[in-house]
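Taking it in order: structure first as structure tokens, then the write-up.
Protein chains get the first letters and strands the later ones, always in sequence-line order, with residue 1 at the start of each.
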Amino acid sequence: MGASAFSLQVLNPEQSKAVTATEGPVLILAGAGSGKTRVLTYRIAYLIREMGISPQSILAVTFTKKAAIEMRERIQKLIGEVHGIWIGTFHSSFAKILRWESAAIQYSPNFVIYDTDDQNRLIKMIMEELNVPATRFHPKAVQSAISHAKNSLVDPEDYFNQSGSPFQEAVIRIYPEYQKHLRQNHAFDFDDLITVPIQIFKQHPHILEKYQDRFEYVLVDEYQDTNKAQYELIRYVSQKKRNLFVVGDDDQSIYGWRGADIHNILNFESDFPEAKVFRLEQNYRSTKNILAAAHSVVSRNQGRKVKKLWSENPKGEKIEIWEVDDDREEAYKAVEKVQEEVFKNKRSFRDFAILYRTNAQSRSLEDGLRRSGISYIIVGGVRFYDRREVKDVLAYMKLIVNPRDTVSLKRIINYPARGIGDASLRKVEKWSRENERPLFAALAYIDEIQGLSSRAKAGIKSFHDLIVKYTALTNKISPAELTHTLVEDSGILRHYKEDMSPEGQMRIENISELLTAIRDYTEETEKPSIAGFLEEVSLVNDVDQWNDKSNAITLMTLHSAKGLEFPVVFITGVEENLFPLSRSVEKKEDLEEERRLFYVGLTRAKEKVILSWAQNRRLYNNIEARLPSRFLDELDESACEFISSRSIRSMSDLYETADREFNDAMPDYESFSQETGSGRLLAGQWVLHDMFGKGQILNVQGYGEKQMVTVRFKNGIQKKLIVKYAKFKSIV
DNA sequence: CGGATTTAACTTTTT
DNA sequence: GTTAAATCCG
């Protein structure tokens, strides 16, 4: 086993001190690119190897699954395979504990986790019940108010004291009902995964003690992103041994809107007076110019700990600031720049990231990239597991695991259509309320429910039988087999197969993809279960799945980019009212958070940064004149170079060239893309498809299992195909 | 009453 | 460009 790599010699003095200060609370203020993950992993390795601490006594929490996986892999590289360390996200770690301790709060261990969409559906149902018109208050707004309350540890009862606006009055009525329904459904929302463990720990000291004794060393990554609930939870768990090690950077706190409380890091020293504090200020990532620019921006914030990154890296190129005509040109110029860099400086496409403030901006960039034929990956936007058809199948699975989940039940009882309309469902609901039986149980009593049509009765019966049948099968066949037969048996697949439109085809492909994911899960997991799969699915995000293996440009929001690095970074749409967003400029704290977000974006870059703003931008279907962002004025001018597009080429030239390139032939990027392995698909390649014949790849999207290509075939048909399922081979 | 089709509204960032 | 609500049709 290659375990010999572990030595503290490679650390700088501050890093080394941080790693070896094992006892008592420790705060590490780790600037961007200062080796934060390195310190975390070396510390865990040090605890195990040098201190002889049992891996089982270590709890490390992160915010993303990707960070957790990376940490695990790097520890393994240092000291070889270690079993029993808890490394996971806040949500997944405590969801696990909740499954074990669910009996303490009278929940089924098969509880389901509601995502935002499920939450909104539930809130909408409650609002109907309470006669709160959804037209006056958006269920979404109510949901976020409740979420915010939970993150700040405000109970439904506490909420009563906050009355004021009519909206708050409405939330006061909805919040307790919402909580009651979650309980009835044996469901938790995301926030409950943090707050409910706190309640359990408070009410059952012996349970708390079990975990306090177990976790002798607790480590928290991205500490600046913790909210009040997470902070309390960590405090509970680490209270006894007091070996709490937190790593964070107040300058990178960008989740205030999600309840993250920057005071958790600013007040760490007063909360833990015996705390040791170490600062990591040497940056190993970026050029001096990039750091100077980043510092000039973020140092304008008032609520921050004073620090300044330094680096031994070269000065590097100046930051380019582009003034472009519109979003279309912005995309086109970025493409052009990428091509130039690939040719001149021998870069790979994977060296580039294009970042933006809002997901909506990805569209024009995507258009530009598609025209050019360069492959790209979009991280974020609509998640795979959020697609309608995927959620429909998942709802069936949720209901089979947990029949009390009425949100899922109502989602699918008439999907595909079984002749059960709104009116029939209302009658069943009424019966279930009056007889105090769960909604699913009521489905078995159709003969006692008045006024149901025979069509509705037949539909309800077949639905009920279906779910009962599969519930009985859960212990007999594997999750993969079960879902496979389920999508056919339920009629979901048939429903889409009859739909010959391209959307219907897409949906079938997405369902097959889901089945593949379940098959993979079943094969990879020791004790696969549907509940286990559902939990995994509800706690992943797109960045978790992103990897840099395929040679493509990455497009993502600035938020998603946190924790990542790229040689070249574009930040687009650096305009007033977009970045910073218009609603953020009024409150000082919000503006400072936007500024930190800009700082995060700048410090993702190792070598080169390009900022662009457009004079005109298409927003919500109309073209708007734009002004450069105030953040551009805040940049250290000596590190920047201003470029106006007019000095290069006229607009009409640009578009003509773009159209010509698109209409003629695809440029052959393969000739200068360094690592085009034989199996790799790239835009411009020709393929032969079993059904459609010869075609050319216009665009490659995604990676691995989920990789999709857009192909234009000789007969003029353009199709989007999932590589894994599409029957084609590449031809030279 | 149920299902399909059309219309309208909406886009900050996400575990 | 996507999805939920309103409208229409059988």
Between atom OH in Tyr356(A) and atom P in dT12(B), what is the gap in whole Å?
15 Å
Quick one: side-chain contact (heavy atoms from CB on, under 4.5 Å) partners of Ser253(A), sequence neighbours excluded?
Gln224(A), Ile262(A), Arg596(A)
Output all residues satisfying side-chain contact (heavy atoms from CB on, under 4.5 Å) with Ser432(A), sequence neighbours left out; order by chain, then residue number.
Leu439(A), Ala442(A)
Expressed in angstrom and rounded to an integer, what is the separation of Lys587(A) atom NZ from dT12(B) atom P?
16 Å
Answer yes when Asp249(A) and Lys36(A) have at least one side-chain N-carboxylate O distance shorter than 4.0 Å, and no when they do not.
no
Those residues that, when tested against Trp86(A), pass ring pair (Phe, Tyr, Trp, His ring centres under 6.0 Å) (two or more places apart)
Trp100(A), Phe215(A)
Can you identify which nucleotide, out of dT13(B), dC1(B), dT12(B), has its nearest atom closest to the Arg583(A) side chain?
dT12(B)
Between Glu366(A) and Arg370(A), is there a side-chain N and carboxylate O pair less than 4.0 Å apart?
yes
Reading 5' to 3' and counting Watson-Crick or G-U wobble pairs with both distances under 3.5 Å, write the dot-bracket notation for DNA chain B, | for bases paired outside the strand.
|||||||||......
Mind checking Asn359(A) for me? I need base, sugar-phosphate or nothing, with any heavy atom below 4.0 Å counting as a touch.
sugar-phosphate
Which atom pairs, one a donor and one an acceptor, fall under 3.5 Å between side chains of residues 446-461 of chain A and the rest of the protein, sequence neighbours left out?
from, atom 1, to, atom 2, distance (Å)
Ser453(A), OG, Ala456(A), N, 3.0
Lys461(A), NZ, Asp465(A), OD2, 3.0

With sequence neighbours excluded, what pairs up with His181(A) under the side-chain contact (heavy atoms from CB on, under 4.5 Å) test?
Leu122(A), Ile126(A), Glu129(A), Glu177(A), Gln184(A)
Non-neighbouring partners of His559(A) that pass ring pair (Phe, Tyr, Trp, His ring centres under 6.0 Å), sequence neighbours left out
Tyr255(A), Trp257(A)
With sequence neighbours left out, write down each residue that passes side-chain contact (heavy atoms from CB on, under 4.5 Å) with Asn110(A), or none if nothing qualifies.
Ser108(A), Val401(A), Ala531(A)
With sugar-phosphate meaning primed atoms plus P, OP1 and OP2, does Phe63(A) contact a base, only sugar-phosphate, or nothing at under 4.0 Å between heavy atoms?
sugar-phosphate
Separation of Ile460(A) atom CD1 from dC1(B) atom C1', in whole Å?
13 Å
Check ion pair Glu330(A)-Arg617(A) (N to O, under 4.0 angstrom)
yes
My understanding is that only residues two or more places apart in sequence, or in another chain, count here; which of them pass ring pair (Phe, Tyr, Trp, His ring centres under 6.0 Å) with His464(A)?
Phe440(A)
Pull out every protein N or O sitting under 3.5 Å from an N or O of nucleotides 3-9 of chain B, one pair per line with the distance.
from, atom 1, to, atom 2, distance (Å)
dG3(B), OP1, Gly419(A), N, 2.7
dG3(B), OP2, Asn414(A), ND2, 2.8

The side chain of Thr557(A) is closest to which nucleotide in this list: dG2(B), dT14(B), dT12(B)?
dT14(B)
Touch class at under 4.0 angstrom, heavy-atom based, for Ser424(A) against every strand present:
sugar-phosphate
Roughly how many Å is it from CG in Leu581(A) to P in dT14(B), rounded to a whole number?
12 Å
Rounded to whole Å, how long is the line connecting atom OH of Tyr255(A) with atom P of dT12(B)?
16 Å
Rounded to whole angstroms, how far apart are CG on Asp590(A) and P on dT12(B)?
14 Å
What's touching nucleotides 2-5 of chain C from the protein side, N or O pairs under 3.5 Å?
from, atom 1, to, atom 2, distance (Å)
dA5(C), OP1, Lys124(A), NZ, 2.9

Indicate, yes or no, whether a donor-acceptor pair under 3.5 Å links the base of dT13(B) to the side chain of Trp257(A).
yes
Whole-Å distance, Asn120(A) CG to dT14(B) C1', equals 14 Å
To the nearest Å, how far apart are His148(A) NE2 and dT14(B) C1'?
14 Å
Who passes ring pair (Phe, Tyr, Trp, His ring centres under 6.0 Å) against Tyr521(A), sequence neighbours left out?
Phe533(A)
If you assign each of Ala423(A) and Glu594(A) to its closest nucleotide in DNA chain B, which residue comes earlier from the 5' end?
Ala423(A)
Determine: side-chain N/O of Ser560(A) to OP1/OP2 of dT13(B), distance under 4.0 Å, yes or no.
no
Could you check Ser584(A) against Asp422(A) and say which one's nearest nucleotide on DNA chain B is further toward the 5' end?
Asp422(A)
